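Since the model is a prediction, treat every value here as computed from it, not as a measurement. Counting begins at 1 with the first residue of the sequence.
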Amino acid sequence: MAGIIKRSNKWVAVFKTLDGKEVRKTTRIDVVPKVIPPGANKRAVIAQNEARARLIAEELEHGHKTGFVDSQRLKAIAGGDVQATSLGRKAVSVGAYLHEWLQSRSGKIQAHERDGKAIKQFILFLGNDGGQAIASINKDTVRRFSETEMERVSSGTVSRYLESLSCAFNQAVEKELIISNPFRGARLDKKKKQDDKQERSAFTVEEVKRLVEILPGEWPDMIRVCLYTGGQRLGDIATLRWEQINLDGGLIAMTSQKTKRRMNKPIIGPLKEILEERERYSINEFVFPLAAMKHAQGGGKSSKLSLEFTGLLKKHGIISSGERKGKGDKRVLSEKSFHSLRATAVTILRLAGVPADLCRFIVGHDSEEIERVYFRPDSQDVVHAIEEISSKIVL
């Protein structure tokens, strides 16, 4: 049963949740009134305030357990006290709150679009236009929502939904609409994420050679640089700057946009020839100026370039041009993309007998913590391993 304690001349409700956690919420009722009505007995007014505070505490406890606070009842208990009636604002519906929160983020275009999708799906899941009290949302609601969405979209999309909703519910906590954020710490089941994972195939050596021959513009050299640096990602290749390259020292300093991992890539012979040729005709600070511009147009993401590359693969018959459909609204990845060059690099390295640890180091894949801490390959080992790629694919 709820109790009350004194804090800074306010009565504070104290009660426990169903799982035994203590909750403290202000009743907004003064212990000692700031103004005593004419003719009233001070002790009597103090006692009356205490009685009102106890009734409000009971209502708050009931509201916490049921997800609904009766604002009219609180107003009656508070005796018309303006401060006390503000407690009734706790009875906010999920839909009303989330739409209001989304509106407050309208200035952030990308975030607004991403968050809007999350809110739309969550309200559809809840039904009734999200008319439930926001305090009624709990961990079980979040779990069921995640499982439902996993049947419809990819695990990556569900994770983004959870991030957006967690951000929204964090603000609800700050506004004292709810006690805690039910989305905090929400994670997808590891096994389900693994089952949902889609793998792309590696390009064969013959396919890579053909791509270098038939693709237009900067793509042939981008493919070469990608493979000769151990299969680096499209965004890292597209935004490669001349200031990162030390031709005399034989090194390229790279920081993965995705993992923020710092790497020093040795410049092997074939790679040096490509870079020297491009440097001869360079027009700005980027090794691939056109790709860098498209990357910037895509908001600092590789999606625009990736779509262009996939379109070229379809045009030249490297992958099928038909639409691939998955379960629900899941987007099925094309069987091959620029990212497949990473798999090509790994395949060549492993078939050449390069140890798994060294292979991960070269490509930049995450490995076990102990390997990241203690594995330090000799620089010549790295050079010889990458030369295996150039020896198998003479581009």
Enquirer: What residues join M293 in its hydrophobic cluster, counting side-chain heavy atom gaps under 4.5 Å, either direct or through other members?
Expert: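 Its cluster mates, by chain and number, are L290.
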
Enquirer: Just how far is it from atom CE of M254 to atom CZ of R233, taken to the nearest 0.5 Å?
Expert: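 Between M254 CE and R233 CZ, I get 10.5 Å after rounding to 0.5 Å.
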
Enquirer: Decide, yes or no, whether a salt bridge links E61 with K25 under the criterion of side-chain N to carboxylate O below 4.0 Å.
Expert: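 Not counted as a salt bridge, because no side-chain N and carboxylate O are separated by less than 4.0 Å.
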
Enquirer: Measure the NZ-OG distance between K314 and S320 for me, rounded to the nearest 0.5 Å.
Expert: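 These two atoms lie 7.5 Å from each other.
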
Enquirer: Under the ring-ring contact (aromatic ring centres under 6.0 Å, His included) rule, collect the residues that match up with F288, sequence neighbours excluded.
Expert: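 Per chain and number, F288 pairs via ring-ring contact (aromatic ring centres under 6.0 Å, His included) with no residue.
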
Enquirer: Could you tell me the separation between the CZ atom of F15 and the CD atom of E58, rounded to the nearest 0.5 Å?
Expert: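 Between F15 CZ and E58 CD, I get 11.5 Å after rounding to 0.5 Å.
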
Enquirer: Indicate yes or no: does K209 engage E206 in a salt bridge with an N to O separation below 4.0 Å.
Expert: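 Salt bridge absent between K209 and E206.
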
Enquirer: May I have all residue pairs that pass salt bridge (charged side-chain N to carboxylate O under 4.0 Å, His left out) and include part of residues 122-142, sequence neighbours excluded?
Expert: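 Sorted result for residues 122-142: D140-R143, D140-R144.
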
Enquirer: For F122, enumerate each residue passing the ring-ring contact (aromatic ring centres under 6.0 Å, His included) test, keeping only those at least two apart in sequence or located in another chain.
Expert: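 Residues passing ring-ring contact (aromatic ring centres under 6.0 Å, His included) with F122: F145, F183.
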
Enquirer: For Q103, does the CD atom have more than 12 heavy-atom neighbours from other residues, nucleotides or ligands under 6.0 Å away?
Expert: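 Open.
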
Enquirer: Can you list the steps and then say if E22 with R24 is a salt bridge (charged side-chain N to carboxylate O under 4.0 Å, His left out)?
Expert: CA-CA 7 Å; E22 185 178 271; R24 296 187 178 191; 3.0 Å; yes

Enquirer: Same cluster or not: I214 versus W219, using hydrophobic residues (I, L, V, M, F, W, Y) connected whenever any side-chain heavy atoms lie under 4.5 Å apart?
Expert: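 Yes, one cluster joins them.
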
Enquirer: From W11 CH2 over to N49 CG, what is the distance, rounded to the nearest 0.5 angstrom?
Expert: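 Here the interatomic distance stands at 9.5 Å.
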
Enquirer: Just wondering, do I123 and N128 contact through their side chains at under 4.5 Å, heavy atoms?
Expert: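 Result no, sub-4.5 Å side-chain heavy-atom pair not found.
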
Enquirer: Between CD of E285 and CD of E243, what distance do you get to the nearest 0.5 Å?
Expert: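 Between E285 CD and E243 CD, I get 8.0 Å after rounding to 0.5 Å.
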
Enquirer: Does a side chain donor of either R184 or S166 reach within less than 3.5 Å of an acceptor in the other side chain?
Expert: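 No donor-acceptor contact under 3.5 Å links the two side chains.
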
Enquirer: Can E207 and K336 be counted as an ion pair, charged N to O under 4.0 angstrom?
Expert: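 Counted as a salt bridge, because a side-chain N and a carboxylate O are separated by less than 4.0 Å.
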
Enquirer: Which residue pairs satisfy the ring-ring contact (aromatic ring centres under 6.0 Å, His included) criterion with at least one member in residues 239-261, sequence neighbours excluded?
Expert: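 Found none.
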
Enquirer: Counting distance only, does the side-chain N/O of T347 pair as donor-acceptor with the main-chain N or O of A343 below 3.5 Å?
Expert: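 Yes, because the side chain of T347 sits within donor-acceptor range (under 3.5 Å) of the backbone of A343.
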
Enquirer: Measuring from atom CD1 of I178 to atom CD of E174, what distance do you get when rounded to the nearest 0.5 angstrom?
Expert: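 Spacing of CD1 (I178) from CD (E174) equals 10.5 Å.
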
Enquirer: Could I get the full list of side-chain hydrogen bond (donor to acceptor under 3.5 Å, both in side chains) partners for R7, not counting sequence neighbours?
Expert: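 Testing R7 for side-chain hydrogen bond (donor to acceptor under 3.5 Å, both in side chains), a comparison that skips the adjacent residues, returns none.
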
